[in-house]
Asks: 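One structure, as C-alpha cells, below. Some questions next.
Both backbone and side-chain heavy atoms feed into the values below; hydrogens, waters and symmetry mates do not. To find a chain, count down the sequence lines: A is the first, B the second, and so on, and within it residues start at 1.
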Protein chains: 2
Amino acid sequence: MFDSIVTHIKKHVSLTREETELLLASLELRELKKKEHLLEAGQICNENYFVADGCLRMYLTTDKGTEQVIQFAVENWWMTDYFSFKSNQPSNFYIQAIEKTNVIAISRKAQDELFEKLPQLEKYFRIVLEKAYAAQLNRIHYIFNLGGEEQYRMMVERYPEFVQRVPQYMLASFLGITPEFLSKVRAKK
Amino acid sequence: MFDSIVTHIKKHVSLTREETELLLASLELRELKKKEHLLEAGQICNENYFVADGCLRMYLTTDKGTEQVIQFAVENWWMTDYFSFKSNQPSNFYIQAIEKTNVIAISRKAQDELFEKLPQLEKYFRIVLEKAYAAQLNRIHYIFNLGGEEQYRMMVERYPEFVQRVPQYMLASFLGITPEFLSKVRAKK
DNA sequence: CAAAAAACTTAATCATGGTTAAGAAATGAA
DNA sequence: TTCATTTCTTAACCATGATTAAGTTTTTTG
C-alpha cells in the first residue's frame with residue numbers, strides 16, 4: 001500500500017533501501033469511508049496527506065452557509081492546508097473523502113524530522129509544489145477567461161473520467177457556478 | 001543590492017560566509033525601466049526572478065486580444081513561469097516591470113547547480129513555494145466568494161499602498177473585472 | 001426491498017458586472 | 001510647455017449566470 005508513495009518519490013529523487021525504511025517508518029496509512037473528514041474547519045491541520053487511492057476534496061463554508069470547493073486531490077496528489085500546517089493556526093478548510101479513499105498521512109513533526117534525515121525530500125516537495133503552484137496560476141487564468149460553460153466543457157474534454165467520478169454539485173462549486181446552471185449546460189448539446 | 005536576497009534567504013535557512021559567496025556568484029542584477037519585459041509569450045523562461053526593488057506583473061493575452069493579469073510581485077517575491085522554466089517549453093506569459101525595478105535573476109542552470117552545492121536552498125524554495133501555493137488557494141477562495149466590488153474594497157483595506165502603486169486597469173484585470181466597472185465602484189462611496 | 005436522504009433538473013425572474021462609445025484627466029516625451 | 005499617448009470616467013444597454021421553488025431521479029441505509 002505504501003508502494004504508490006515510494007514510486008512517486010523515486011520518480012523525482014533517489015532513495016536507498018535504508019532511506020526508504022526510514023521514510024516508511026514515518027508514514028501512516030489511513031482508510032477513509034465516503035464522506036469521512038480528515039480535517040474540519042477550526043482544527044489545526046497537523047498532517048500532510050498523499051492520496052494512494054480514491055479522491056479528496058478541500059472545501060470551506062461561506063458566510064452565506066454554502067460550501068465552496070477549493071480543490072480536489074486524486075491518486076498521487078498531496079493535500080493539506082499549508083497555512084495551518086505551517087503556522088499551527090486553526091484551519092478554515094475541510095478535507096473530506098468523496099469516495100472510499102486510502103491516504104498516507106505524515107505528521108508535521110515527522111515530516112520536519114524526515115527533512116533532516118533525508119534532504120532529498122526537500123527537493124521532492126519543492127518539485128511537487130512548483131507543479132501545484134503553476135497549476136493554480138493556470139487555473140486562475142481559466143477562471144477569468146472561460147465562462148462557466150466553457151470551463152465545464154474543457155473539464156469533460158480533458159478529464160472525462162474525473163467528471164464522472166465526482167458529484168455534479170461539487171464540480172459546479174469547484175468551477176464557481178451553481179449546480180442549476182451546470183445542469184442547464186449539460187442539458188443543451 | 002544583493003543584500004535583500006541574502007537577508008530573505010537567511011530568514012529561512014542558514015548560510016556560511018563561503019556559501020553566501022557561492023550563491024552571489026550565480027546571481028545577476030538586472031535593472032529594468034518601466035514597461036520593460038523580462039519574458040514575452042513564446043519565449044522559454046530560463047530564469048527565476050527575485051524582486052529586490054520595484055514591481056513586476058505576469059500577464060497573458062487572451063483569445064480576444066485583451067490582457068489578463070495573473071499576478072504581481074513586489075519586493076522579496078520570486079516570479080517565474082515554473083511550467084516553462086522546468087519543461088523548457090515556450091511560455092504563455094509575459095513578465096513586465098510596471099515601474100523602475102531591480103530584479104535579481106538566476107538561470108535555471110545556475111539554480112540547479114546551486115541546489116547541488118547548497119542543499120539548504122531546496123528547503124528555502126520549498127518554504128517559499130508552500131506560501132505562494134497557499135496564497136493562490138486563498139485567492140481562488142476570494143475570487144469565488146467575493147464580488148468584484150468586495151474584492152476591490154478588501155485590496156484597499158489590506159494593501160492600500162499597493163493599490164496606489166499599480167495602474168487601475170491592471171488591478172481591475174487582476175481582480176477579474178473591467179476598468180469601467182472598477183471606476184464605477186470607486187465613484188460611489 | 002422500502003423509505004429516506006441525497007443529487008439532479010427545469011423554468012421563471014433578477015442582479016452583477018460586461019460592452020460600447022465618448023469624453024476628461026493625467027502622464028510623458030520632445 | 002505643448003502635443004500625444006495613456007489612463008480613467010460616465011452612462012446606456014445587454015448577457016451571463018444566480019436565485020428561488022418545485023418536482024424528479026438516484027443512491028443509501030435500515
Side-chain angles (χ1 to χ4, degrees), chain A residues 32-37 54-55 57 59 61-69 72 94 96-101 142-156 162-189, chain B residues 32-37 55 57 59 61-69 72 94 96-101 140 142-156 162-189:
Chain A
L32 303 165
K33 291 182 293 198
K34 185 170 179 173
K35 299 208 178 169
E36 204 173 335
H37 281 91
C55 185
R57 67 162 173 158
Y59 69 97
T61 54
T62 66
D63 344 299
K64 293 140 207 152
T66 62
E67 287 179 4
Q68 173 63 54
V69 177
F72 295 104
Y94 296 79
Q96 184 192 42
I98 67 175
E99 58 189 60
K100 190 172 175 307
T101 299
Y142 289 128
I143 289 169
F144 286 144
N145 293 297
L146 269 46
E149 177 159 357
E150 294 168 292
Q151 263 189 89
Y152 173 71
R153 302 219 185 279
M154 194 181 74
M155 287 290 285
V156 171
F162 181 74
V163 171
Q164 292 304 98
R165 198 169 172 182
V166 301
Q168 264 177 53
Y169 73 95
M170 287 187 197
L171 188 59
S173 174
F174 176 75
L175 296 176
I177 59 180
T178 57
E180 291 86 354
F181 182 63
L182 180 54
S183 196
K184 194 198 253 177
V185 166
R186 285 162 48 83
K188 62 173 175 183
K189 191 195 166 193
Chain B
L32 303 164
K33 291 182 293 198
K34 185 171 178 173
K35 300 207 178 167
E36 204 173 335
H37 281 91
C55 186
R57 66 163 175 158
Y59 69 96
T61 54
T62 67
D63 343 299
K64 294 140 207 152
T66 62
E67 286 180 3
Q68 173 63 54
V69 176
F72 295 104
Y94 296 79
Q96 184 191 41
I98 67 175
E99 58 189 60
K100 190 172 177 306
T101 299
I140 286 169
Y142 290 127
I143 290 169
F144 285 143
N145 293 298
L146 268 46
E149 177 159 356
E150 295 167 292
Q151 265 189 89
Y152 173 70
R153 302 220 185 278
M154 194 181 73
M155 286 291 285
V156 171
F162 181 73
V163 170
Q164 292 304 100
R165 198 168 173 183
V166 301
Q168 265 177 53
Y169 73 94
M170 287 188 196
L171 187 59
S173 173
F174 175 75
L175 296 176
I177 60 181
T178 57
E180 291 85 354
F181 182 63
L182 180 54
S183 197
K184 194 199 254 177
V185 166
R186 285 163 47 84
K188 62 173 174 182
K189 192 198 165 193

Asks: Please verify the inter-ring angle class for F162(A) with F72(A); under 30° counts as parallel, over 60° as perpendicular, anything in between as tilted.
Replies: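 Aromatic pair F162(A)/F72(A) classed perpendicular.
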
Asks: Rounded to whole angstrom units, what separation is found between the CZ atom of F144(A) and the P atom of dT16(D)?
Replies: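 Rounded to whole Å, this separation is 19 Å.
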
Asks: Hey, what do you get for CD (Q68(B)) to CG (D63(B)), rounding to the nearest 0.5 Å?
Replies: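 The distance works out to 11.0 Å.
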
Asks: As an exercise, state the distance from CG of N145(A) to CD of E150(A), rounded to the nearest 0.5 Å.
Replies: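 If we round to the nearest 0.5 Å, N145(A):CG and E150(A):CD are 9.5 Å apart.
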
Asks: Could you give the CZ-to-C1' distance, from F181(B) to dA15(D), as a whole number of Å?
Replies: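 Roughly 15 Å, once rounded to whole Å.
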
Asks: Could you tell me whether the side chain of F144(A) reaches within less than 4.5 Å of the side chain of T62(B), counting heavy atoms only?
Replies: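 No, their side chains stay 4.5 Å or more apart.
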
Asks: Kindly list each side-chain donor-acceptor pair under 3.5 angstrom involving residues 164-180 of chain A, sequence neighbours excluded, with atom names and distances?
Replies:
from: R165(A); atom 1: NE; to: E99(A); atom 2: OE1; distance (Å): 3.1
from: R165(A); atom 1: NE; to: E99(A); atom 2: OE2; distance (Å): 3.3
from: R165(A); atom 1: NH1; to: E75(A); atom 2: OE1; distance (Å): 3.2
from: R165(A); atom 1: NH2; to: G54(A); atom 2: O; distance (Å): 2.9
from: R165(A); atom 1: NH2; to: E75(A); atom 2: OE1; distance (Å): 3.4
from: R165(A); atom 1: NH2; to: E75(A); atom 2: OE2; distance (Å): 2.8
from: R165(A); atom 1: NH2; to: E99(A); atom 2: OE2; distance (Å): 3.0
from: Q168(A); atom 1: OE1; to: R186(A); atom 2: NE; distance (Å): 3.2
from: S173(A); atom 1: OG; to: E67(A); atom 2: O; distance (Å): 3.4
from: S173(A); atom 1: OG; to: V69(A); atom 2: N; distance (Å): 2.8
from: T178(A); atom 1: OG1; to: F181(A); atom 2: N; distance (Å): 3.2

Asks: If the condition is salt bridge (charged side-chain N to carboxylate O under 4.0 Å, His left out), which residues does K35(A) pass it with, not counting sequence neighbours?
Replies: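 For K35(A) there are no salt bridge (charged side-chain N to carboxylate O under 4.0 Å, His left out) partners, ignoring immediate neighbours.
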
Asks: From CG of L146(A) over to P of dG17(D), roughly how many Å is that when rounded to an integer?
Replies: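 Checked: the CG to P distance equals 10 Å.
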
Asks: Measuring from atom OH of Y59(A) to atom CD of Q96(A), what distance do you get when rounded to the nearest 0.5 angstrom?
Replies: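 Separation between the atoms: 4.5 Å.
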
Asks: Measure the NZ-OG1 distance between K34(B) and T101(B) for me, rounded to the nearest 0.5 Å.
Replies: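 Nearest 0.5 Å value for the NZ-OG1 distance: 10.5 Å.
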
Asks: Rounded to the Å, how far apart are Q68(A) CD and dA18(D) P?
Replies: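 In whole Å, dA18(D) P and Q68(A) CD are 11 Å from each other.
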
Asks: Working to the nearest 0.5 angstrom, can you tell me the gap between I143(A) CD1 and I143(B) CD1?
Replies: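 Reported to 0.5 Å precision, the distance equals 5.0 Å.
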
Asks: Nearest whole angstrom, please: distance from the P of dG17(D) to the OH of Y152(A).
Replies: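 Interatomic distance, OH of Y152(A) to P of dG17(D): 15 Å.
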
Asks: Give each protein N/O atom lying under 3.5 Å from an N/O atom of nucleotides 20-28 of chain D, with the pair distance.
Replies:
from: dT28(D); atom 1: OP1; to: K34(A); atom 2: NZ; distance (Å): 2.8

Asks: Students should find this one: the first and last nucleotides of DNA chain C, 5' to 3', lying under 4.0 Å from a heavy atom of chain B. What are they?
Replies: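 The contacted stretch runs from dG17(C) to dG28(C).
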
Asks: When the axes are fitted on five pairs at both termini, how much does the helix from dC1(C)-dG30(D) to dA30(C)-dT1(D) curve, in 10° steps?
Replies: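 Axis-to-axis angle, ends of the helix: 60°.
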
Asks: Between the protein and nucleotides 3-8 of chain D, which nitrogen or oxygen pairs come in under 3.5 angstrom?
Replies:
from: dT7(D); atom 1: OP1; to: Y169(B); atom 2: OH; distance (Å): 3.1
from: dT7(D); atom 1: OP2; to: Y169(B); atom 2: OH; distance (Å): 3.2
from: dC8(D); atom 1: OP1; to: Q168(B); atom 2: N; distance (Å): 2.9
from: dC8(D); atom 1: OP2; to: Q168(B); atom 2: N; distance (Å): 3.2
from: dC8(D); atom 1: OP2; to: Y169(B); atom 2: N; distance (Å): 3.0

Asks: Could you go through the side-chain contact (heavy atoms from CB on, under 4.5 Å) check for L146(B) and R153(B) one step at a time?
Replies: CA-CA 10 Å; L146(B) 268 46; R153(B) 302 220 185 278; over 6 Å; no

Asks: Of the non-hydrogen atoms in R57(A) and I98(A), which two are nearest, and what is the gap between them?
Replies: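 Shortest heavy-atom separation between R57(A) and I98(A) comes out as CG-CG2, 3.6 Å.
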
Asks: Any side-chain N or O of T178(A) less than 4.0 Å from the OP1 or OP2 oxygen of dG17(D)?
Replies: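 It does not, given that no N or O in the side chain of T178(A) lies less than 4.0 Å from OP1 or OP2 of dG17(D).
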
Asks: E149(B) and V185(B): which non-hydrogen atoms are nearest, and at how many Å?
Replies: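 Nearest pair, atom of E149(B) first, then V185(B): CG-CG1, 3.9 Å.
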
